[in-house]
Number of protein chains: 2
Amino acid sequence: MRPLFHPAIEDVRPEAILHALSDPERAAIFAQIAGGGSGGTCAAFANMRERVIPKSSLSNHIKVLREAGLIRCERQGVEMHNHSRCSELDERFPGLAMAILSAYGWLPGEAKAD
Amino acid sequence: MRPLFHPAIEDVRPEAILHALSDPERAAIFAQIAGGGSGGTCAAFANMRERVIPKSSLSNHIKVLREAGLIRCERQGVEMHNHSRCSELDERFPGLAMAILSAYGWLPGEAKAD
DNA sequence: ATCAACAGTTCCGAATTTCCGAACTATGGA
DNA sequence: TCCATAGTTCGGAAATTCGGAACTGTTGAT
């Protein structure tokens, strides 16, 4: 369990990113992690968008985001801290993450309307 | 069969676009349509990326792209002509389509490496 | 050291989605 | 009319996703 797998930035595939963010729930979680607002622990995402996300689903969402190369996860004590890999990503795929979050209307700093 | 469904631009959802383009085969088809190089008929996409795409799959890919709002399709005689909705899309989701095609390395005008 | 609580993961069966061959439909020409 | 062409629909097998229940790993209390 210790060494959680994270793809090297050069192994990150665009299709994985698009697939990961094509689920609005997952995209909302990523937006929150990228925004840096929450502590970044999984529990912070338990209810996104007016729905309670079952924790097995949540765990899976985080895993998909991690394996797609969107976030980095590390255990700190009993909880898992997640943070985005936006700067690395933006170097590899310029403008991608930003355009996607913006399309959802969830760019860090924007209002969360839709 | 005549009135093929096309979503109004304001009904286009980002998740549908990401889902449609999270399949590299579909993304390659869209890149080709957006590039405008081919005549835009389905037959032109029969073998993308070193694989022969079965025509039922191809038909389905086109349908997914159309219903996601990425392309517009109209019958001209016996064949179907497809063209991209890039300009409308770029107004609604600025930079999105471009960032995605660029991530794949298929921006119109770029080399198709990767 | 043992126990309990907590945060998150894994397992696995049900539901949904995707894939693609075969059959079908629509259009245009001979 | 009959055929060829271009694409669509059908339907079942395969793959993926979802989520409840059970499990693991860590911390703090006794």
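In what follows, chains are A, B, ... by sequence order, proteins preceding strands, each numbered from 1.
Rounded to an integer number of Å, the gap from CZ of B:F45 to P of D:dT8 is 12 Å. Put simply, CZ on B:R75 is 8 Å from P on D:dG7, counting in whole angstrom units. Across the protein-nucleic acid pair, A:E15 atom CD and D:dT16 atom C1' stand 16 Å apart, rounded to whole Å. Between the CD1 atom of B:I71 and the P atom of D:dG7 there is a distance of 12 Å, rounded to whole Å. One interatomic measurement links the two molecules: CD of A:E25 to P of D:dT17, which rounds to 14 Å at whole-angstrom precision. B:L4 places its CG atom 18 Å from the P atom of D:dA6, with the value rounded to the nearest Å. When the P atom of D:dA6 is taken as reference, atom CD of B:E74 falls 18 Å away, rounded to whole Å.
Looking at which nucleotide of DNA chain C each of A:K63 and A:E79 is closest to, the 5′-most match is held by A:E79. Summary of the strand contacts: A:R26 and A:Q76 both lie near DNA chain D, and taking for each the nucleotide with the nearest heavy atom, the more 5' one is attributed to A:R26.
Note on B:R51: every side-chain N or O is 4.0 Å or more away from OP1 and OP2 of C:dC19.
The side chain of B:H19 lies closest to C:dT18, out of C:dG8, C:dT18, C:dC6. The side chain of B:D23 lies closest to C:dC19 when the candidates are D:dT26, C:dC19, C:dA26.
Legend: residues meeting side chain to side chain donor-acceptor pair (under 3.5 Å) with B:E15, ordered by chain and number and at least two apart, are absent. Take B:E10 and apply the side chain to side chain contact (heavy atoms under 4.5 Å, CB included) test, not counting sequence neighbours, and it matches B:A8. Residues meeting the side chain to side chain contact (heavy atoms under 4.5 Å, CB included) test with B:E91, sequence neighbours left out: none. With sequence neighbours excluded, no residue satisfies side chain to side chain donor-acceptor pair (under 3.5 Å) with B:E50.
Residues A:H81 and A:T41 meet the side-chain proximity criterion, which asks for heavy atoms closer than 4.5 Å. Here the side chains of B:M98 and B:L107 are in contact, with some heavy-atom distance below 4.5 Å. Annotation: side chain of A:L96 is not in contact with side chain of A:L89 (no heavy-atom distance under 4.5 Å).
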For residues 54-72 of chain B, which side-chain N or O atoms pair as donor and acceptor with protein atoms under 3.5 Å away, sequence neighbours left out?
| from | atom 1 | to | atom 2 | distance (Å) |
| --- | --- | --- | --- | --- |
| B:H61 | NE2 | B:E25 | OE1 | 3.4 |
| B:R66 | NH1 | B:F5 | O | 2.7 |
| B:R72 | NH2 | B:E88 | OE1 | 3.3 |

Under 3.5 Å, N/O pairs linking protein and nucleotides 12-15 of chain C:
none

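Panel note: side chain B:Y104, backbone B:L21; a donor-acceptor pair is recorded below 3.5 Å.
Only A:K55, A:S56, A:S59, listed by number, bring a heavy atom of residues 52-62 of chain A to less than 4.0 angstrom from any atom of DNA chain C.
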